[in-house]
There are 2 protein chains.
Amino acid sequence: MHDDDIANTMRALGHPVRLEILRILATQQQGQCCCADVTDSLTLAQSTVSQHIKVLLDAGLIERKPHGTRNRYYLRHDRLAELSSSFGGLLKGLAPVAANKETEQA
Amino acid sequence: MHDDDIANTMRALGHPVRLEILRILATQQQGQCCCADVTDSLTLAQSTVSQHIKVLLDAGLIERKPHGTRNRYYLRHDRLAELSSSFGGLLKGLAPVAANKETEQA
DNA sequence: CCGGTTGATCGGTGAATTGCGATGGAAGAT
DNA sequence: ATCTTCCATCGCAATTCACCGATCAACCGG
């Protein structure tokens, strides 16, 4: 993951509503959840929620699966893990040189 | 750290230039570095760099210390660590609910 | 076929962000 | 005192963001 990608993902996470949406998705068993569920849990218009979802979608943090008349959204745990790793790498890169160890992984 | 704080910090990190600035700060020995150093390493106007620095400052990710005629900037490793912890907590909160078996297939 | 529901997308508004050059104050040098 | 360097801050333009209501395609149940 490059700077731009990390920055992109960070920006997607850089909004409390989006964080909340991720949490809502995580709360559903199996992670299945449709837009209406999210909208019900927030005090925002459906179009706004849909827009936030799109941001998360574009950032690759969630996944959309059409299911009949509604869409289901899933957390992408793989990408979350990847982000975690990239973020860890970023922080390690920022750590003082003296404390730098050799624990790199991609 | 609350959602809003995390989101705030994330947004501060959500720009490649800001990530680069952090990296530049980390590269200097002792972490000391002034605005001119950063500006030299980037192809942006000094005022723009100063603005980005302010964002990082407001997010508490770096620290300013006046030093004679110039200011020195330091990475706030403590806050970075705190962020790391909060971020880890966030990801853990997003992880699949533990009341399930782990061997599931997508 | 028709009515209901879901939800992505469009158009618009206001606020925030990103970038710039210019200004000006503070501190060291002369 | 003056000159110079550093850089935070102030406008200013352009772009993006957040939010909304309205619309419209897709799907399901009669």
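Residue numbers begin at 1 in each chain, while the letters A, B, ... track the order of the sequences. The structure presented is a predicted model; accordingly, all values stated were derived computationally and were not measured.
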Is it possible for you to check whether Lys65(A) lies under 6.0 Å from the centre of the six-membered ring of Tyr73(A), through NZ or CZ, and within 45° of that ring's axis?
no
Using a 4.0 Å heavy-atom cut-off, write out nucleotides 22-30 of chain C from 5' to 3' as B (base contacted by protein), S (sugar-phosphate only) or - (no contact).
B----SS--
Mind checking whether Val38(A) and Leu44(A) sit in one hydrophobic cluster, side chains of I, L, V, M, F, W, Y counted as touching below 4.5 Å?
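Val38(A) clusters together with Leu44(A).
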Consider only side-chain heavy atoms of I, L, V, M, F, W and Y, link residues closer than 4.5 Å, and tell whether Val55(B) and Leu83(B) are in one cluster.
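They do not share one cluster, since no chain of ILVMFWY contacts under 4.5 Å joins Val55(B) to Leu83(B).
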Between dG7(C) and Ser50(A), is there an OP1 or OP2 to side-chain N/O distance shorter than 4.0 Å?
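Checking dG7(C) against Ser50(A), no side-chain N or O comes under 4.0 Å of OP1 or OP2.
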Does a side-chain N or O from Asn71(A) land closer than 4.0 Å to OP1 or OP2 of dT6(C), or not?
no
Quick one: which residue pairs count as a salt bridge (charged side-chain N to carboxylate O under 4.0 Å, His left out) with a foot in [range], not counting sequence neighbours?
range: residues 44-63 of chain A; answer: Lys54(A)-Asp58(A)
range: residues 74-91 of chain B; answer: Arg76(B)-Asp78(B), Arg79(B)-Glu82(B)
range: residues 16-25 of chain B; answer: Asp3(A)-Arg23(B)

For DNA chain C, find the residues of residues 52-63 of chain A with a heavy-atom distance under 4.0 Å and give them by number; none if there aren't any.
Lys54(A)
DNA chain C-proximal residues of residues 3-20 of chain A, any heavy atom under 4.0 Å
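Those residues: none at all.
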At 4.0 Å (heavy atoms only), tell me whether Arg72(A) reaches a base, stays on the sugar-phosphate, or touches nothing.
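Arg72(A): no heavy atom of the nucleic acid under 4.0 Å.
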Contacts of type side-chain contact (heavy atoms from CB on, under 4.5 Å), residue [X], not counting sequence neighbours:
X: Asp4(A); result: Pro16(B)
X: Ser47(A); result: Ala45(A)
X: Ala36(A); result: Cys34(A)
X: Ser50(B); result: Gln46(B)

For His15(A) and His52(A), run side chain to side chain contact (heavy atoms under 4.5 Å, CB included): C-alpha distance rounded to whole Å, both residues' side-chain angles, the deciding distance at 0.1 Å, then the answer.
CA-CA 9 Å; His15(A) 195 292; His52(A) 280 300; 3.9 Å; yes
Of all of residues 34-45 of chain A, which get a heavy atom below 4.0 angstrom from DNA chain D, listed by number?
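Hits under 4.0 Å, by residue number: Leu44(A), Ala45(A).
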Rounding to a whole Å, what distance do you find between [X]:[atom1] and [N]:[atom2]?
X: Arg64(B); N: dC7(D); atom1: CZ; atom2: P; result: 10 Å
X: Tyr73(A); N: dG7(C); atom1: OH; atom2: C1'; result: 7 Å
X: Gln51(A); N: dG7(C); atom1: CD; atom2: C1'; result: 13 Å
X: Arg70(A); N: dG7(C); atom1: CZ; atom2: C1'; result: 10 Å

Test of understanding: with side chain to side chain donor-acceptor pair (under 3.5 Å), list the residues that count as partners of Asn8(A), not counting sequence neighbours.
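By the side chain to side chain donor-acceptor pair (under 3.5 Å) rule, Asn8(A) matches Arg11(A).
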Closest-nucleotide 5' rank along DNA chain D - winner of Val49(A) and Thr48(B):
Thr48(B)
Checking side chain to side chain contact (heavy atoms under 4.5 Å, CB included) between Leu42(B) and each of Ile24(B), Asp37(B), Thr48(B), which is the one that passes?
Ile24(B)
